[in-house]
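One structure below.
One is the number of the first residue; the rest follow in order along the sequence.
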Amino acid sequence: MSIDTAPASAQPGRSERPVLDVVVPVLDEQATLERSVRRLHEHLTERFPYPFRITIADNASTDETPVIAARLAGELPHVTALRLAEKGRGRALHAAWTASDAQVLAYCDVDLSTDLAALLPLVAPLVSGHSDLAIGTRLGRGSRVVRGPKRELISLAYNLLLRGALAARFSDAQCGFKAIRADVAQQLLPLVEDTGWFFDTELLVLAERSGLRIHEVPVDWVDDPDSRVDVLATAVADLSGIARLARALATGRLPLGELRGAHGRGQLPGVPSGMPAELARFALVGGCSTLAYLLLYVLLRGGFGPFGANLVALVVTAVANTAANRRLTFGIRGGHRAVLHHVQGLVVFALGLGLTSGALAALAAWAPGTGRAVELGVLVTANALATVLRFVAFRSWIFRRPAAATPTRQETPA
């Protein structure tokens with residue numbers, strides 16, 4: 001995409017179409033709204049080199065927020081107000097971005113916790129066409145963050161969960177400081193179902209699975225002590241969103257391959273067709289299997305001892321893992337060759353058993369009397385090596401498709 005970055009005033013006969021539209025989603029923010037919007041407007045006026053717009057997207061406020069938003073829109077140039085009858089930050093962003101005629105769309109939280117000096121570095125790669133989306137990150141090298149340990153722990157846990165459950169590679173899903181090219185937004189927004197706090201996480205996962213380029217900008221960020229986010233309700237909604245999105249990705253019902261082709265991010269050289277999608281589904285199945293294995297091991301260790309518990313836990317999870325990968329990862333349904341697949345899976349299981357049992361034996365010989373945490377750490381490492389071997393065996397041996405055969409599932413690159 002070629003983005004026109006010359007100021008409108010330098011182009012005779014052209015109306016001023018904004019290069020950037022910054023959306024500020026708000027809900028009952030009468031105490032903060034005016035101060036923050038005036039500060040954002042001043043920053044953009046003095047430091048942003050291209051035409052801009054600020055859109056105040058009010059989602060069902062019941063205080064004086066809509067009145068203040070309308071007054072600011074009347075007083076400040078390039079400020080507009082959008083009023084929605086229903087709540088939801090995601091709903092507000094979806095509506096504002098869909099209606100905008102700007103070439104780059106962004107949003108920031110109304111408390112302006114993120115230093116606005118990062119705004120131009122956030123937008124620049126999108127204006128140049130180098131990247132498709134951009135996010136501020138509080139977890140990157142060079143970021144400076146001031147917040148309490150509770151919020152820090154929640155953020156780290158959430159991003160680790162995304163890496164494990166959805167194989168996400170971006171570092172910070174929840175920082176309220178993001179931007180997207182308008183042409184990319186037109187393709188992605190119809191696929192995003194969430195209307196609340198999970199909205200931008202879902203957007204990022206879909207973009208990443210489509211092969212789009214996400215630029216990360218380290219930010220300075222200061223926690224708002226007056227934040228009214230319901231942490232428990234948000235966490236439950238996020239977990240529900242992760243489960244729903246994982247199912248959608250595992251079943252291949254999202255047309256991510258079309259996005260990859262539309263934006264020129266084709267299959268990477270040397271990566272076999274379908275492998276990125278298979279890896280993502282395999283990682284999801286593997287994460288669930290590892291958790292089940294560790295739970296069984298801990299429950300059985302007292303009665304069976306470490307080697308017996310390892311054996312039983314591995315047998316149970318190996319059978320379930322083969323069945324899940326057969327159906328979800330490689331799209332094979334029905335009973336044809338099912339028995340053979342499970343026999344071959346048990347052969348791969350034997351390799352995993354050898355690795356994990358060998359690791360336990362080595363630990364007992366070299367460091368007798370170590371604690372349970374060290375023992376579990378050794379088992380996780382050995383299981384990680386066994387997982388790599390399992391994927392190679394699944395793809396190249398057990399579930400390998402003959403070259404002339406018709407695939408059992410139409411594979412969508414992701």
Using side-chain heavy atoms (C-beta onward) and a distance below 4.5 Å, is [X] in contact with [Y]?
{"X": "V222", "Y": "S113", "answer": "no"}
{"X": "T201", "Y": "Y158", "answer": "yes"}
{"X": "I68", "Y": "V37", "answer": "no"}
{"X": "E29", "Y": "V24", "answer": "no"}
{"X": "S131", "Y": "I214", "answer": "no"}
{"X": "F282", "Y": "L328", "answer": "no"}
{"X": "N159", "Y": "D172", "answer": "yes"}
{"X": "F199", "Y": "R89", "answer": "no"}

Note to self: So, applying side chain to side chain contact (heavy atoms under 4.5 Å, CB included) with V104, which one of V127, D21, V184, L122 is it?
What the structure shows: V127

Next item on the list: Scan L245, L188, I242 and name whichever one has a side chain to side chain contact (heavy atoms under 4.5 Å, CB included) with E202.
Entry: L245

Determine yes or no for a side-chain-to-main-chain donor-acceptor pair under 3.5 angstrom, with [X] supplying the side chain and [Y] the backbone.
{"X": "K87", "Y": "G196", "answer": "no"}
{"X": "S128", "Y": "P125", "answer": "yes"}
{"X": "S171", "Y": "L139", "answer": "no"}
{"X": "T137", "Y": "V217", "answer": "no"}
{"X": "T251", "Y": "A248", "answer": "yes"}
{"X": "H41", "Y": "P77", "answer": "yes"}
{"X": "T322", "Y": "A318", "answer": "yes"}
{"X": "S143", "Y": "G140", "answer": "yes"}
{"X": "H341", "Y": "R337", "answer": "yes"}
{"X": "T317", "Y": "S289", "answer": "no"}

Checklist line | Pair R253 + E193: basic N to acidic O under 4.0 Å | finding: yes

Notebook entry, point to check: If you measure from the Lys or Arg side-chain nitrogens to the Asp or Glu carboxylate oxygens, is any gap between R213 and D132 under 4.0 Å?
Noted result: no

Return the [atom1] to [atom2] distance between [X] and [Y], rounded to the nearest 0.5 Å.
{"X": "C108", "Y": "I54", "atom1": "SG", "atom2": "CD1", "value": "8.0 Å"}
{"X": "L20", "Y": "H78", "atom1": "CG", "atom2": "NE2", "value": "12.0 Å"}
{"X": "L93", "Y": "L105", "atom1": "CG", "atom2": "CG", "value": "10.0 Å"}
{"X": "L72", "Y": "L40", "atom1": "CG", "atom2": "CG", "value": "11.0 Å"}
{"X": "R91", "Y": "D194", "atom1": "CZ", "atom2": "CG", "value": "9.5 Å"}
{"X": "L126", "Y": "L133", "atom1": "CG", "atom2": "CG", "value": "7.0 Å"}

Next item on the list: May I have the step-by-step check of side chain to side chain contact (heavy atoms under 4.5 Å, CB included) for D238 and L161, ending in yes or no?
Entry: CA-CA 10 Å; D238 286 345; L161 178 61; over 6 Å; no

Where is the tightest heavy-atom contact between [X] and [Y], given as atom of each residue plus distance?
{"X": "L256", "Y": "S210", "result": "CD2-OG, 3.5 Å"}
{"X": "A95", "Y": "L84", "result": "CB-CD2, 3.9 Å"}
{"X": "L296", "Y": "A313", "result": "CB-CB, 3.8 Å"}
{"X": "A73", "Y": "A81", "result": "CB-N, 4.0 Å"}
{"X": "E216", "Y": "P218", "result": "O-CD, 3.9 Å"}
{"X": "R209", "Y": "L249", "result": "NH1-CD1, 3.5 Å"}

Please indicate whether [X] has more than 12 foreign heavy atoms, meaning atoms of other residues, nucleotides or ligands, lying under 6.0 Å from its [atom1].
{"X": "R169", "atom1": "CZ", "value": "no"}
{"X": "R144", "atom1": "CZ", "value": "no"}
{"X": "E64", "atom1": "CD", "value": "no"}

Name all residues meeting the salt bridge (charged side-chain N to carboxylate O under 4.0 Å, His left out) criterion together with [X]; count only those two or more places apart in sequence or in a different chain, and write none if there are none.
{"X": "E42", "value": "none"}
{"X": "R83", "value": "D58"}
{"X": "R47", "value": "none"}

Next item on the list: Start with the C-alpha distance between F177 and D109, add both sets of side-chain angles, then the distance that settles side chain to side chain contact (heavy atoms under 4.5 Å, CB included), and finish with yes or no.
Entry: CA-CA 7 Å; F177 197 69; D109 290 337; over 6 Å; no

Margin query: Could you go through W97 and T55, starting from their C-alpha distance and side-chain angles, then the distance that decides it, and tell me whether this counts as side chain to side chain contact (heavy atoms under 4.5 Å, CB included)?
Written below: CA-CA 9 Å; W97 282 356; T55 299; over 6 Å; no

Notebook entry, point to check: Passes side chain to side chain donor-acceptor pair (under 3.5 Å), D200 versus Y107? Steps please.
Noted result: CA-CA 10 Å; D200 38 353; Y107 91 87; 2.5 Å; yes

Notebook entry, point to check: What do the steps show when you test L162 against F170 for side chain to side chain contact (heavy atoms under 4.5 Å, CB included), and what is the final call?
Noted result: CA-CA 9 Å; L162 290 180; F170 47 84; 4.1 Å; yes

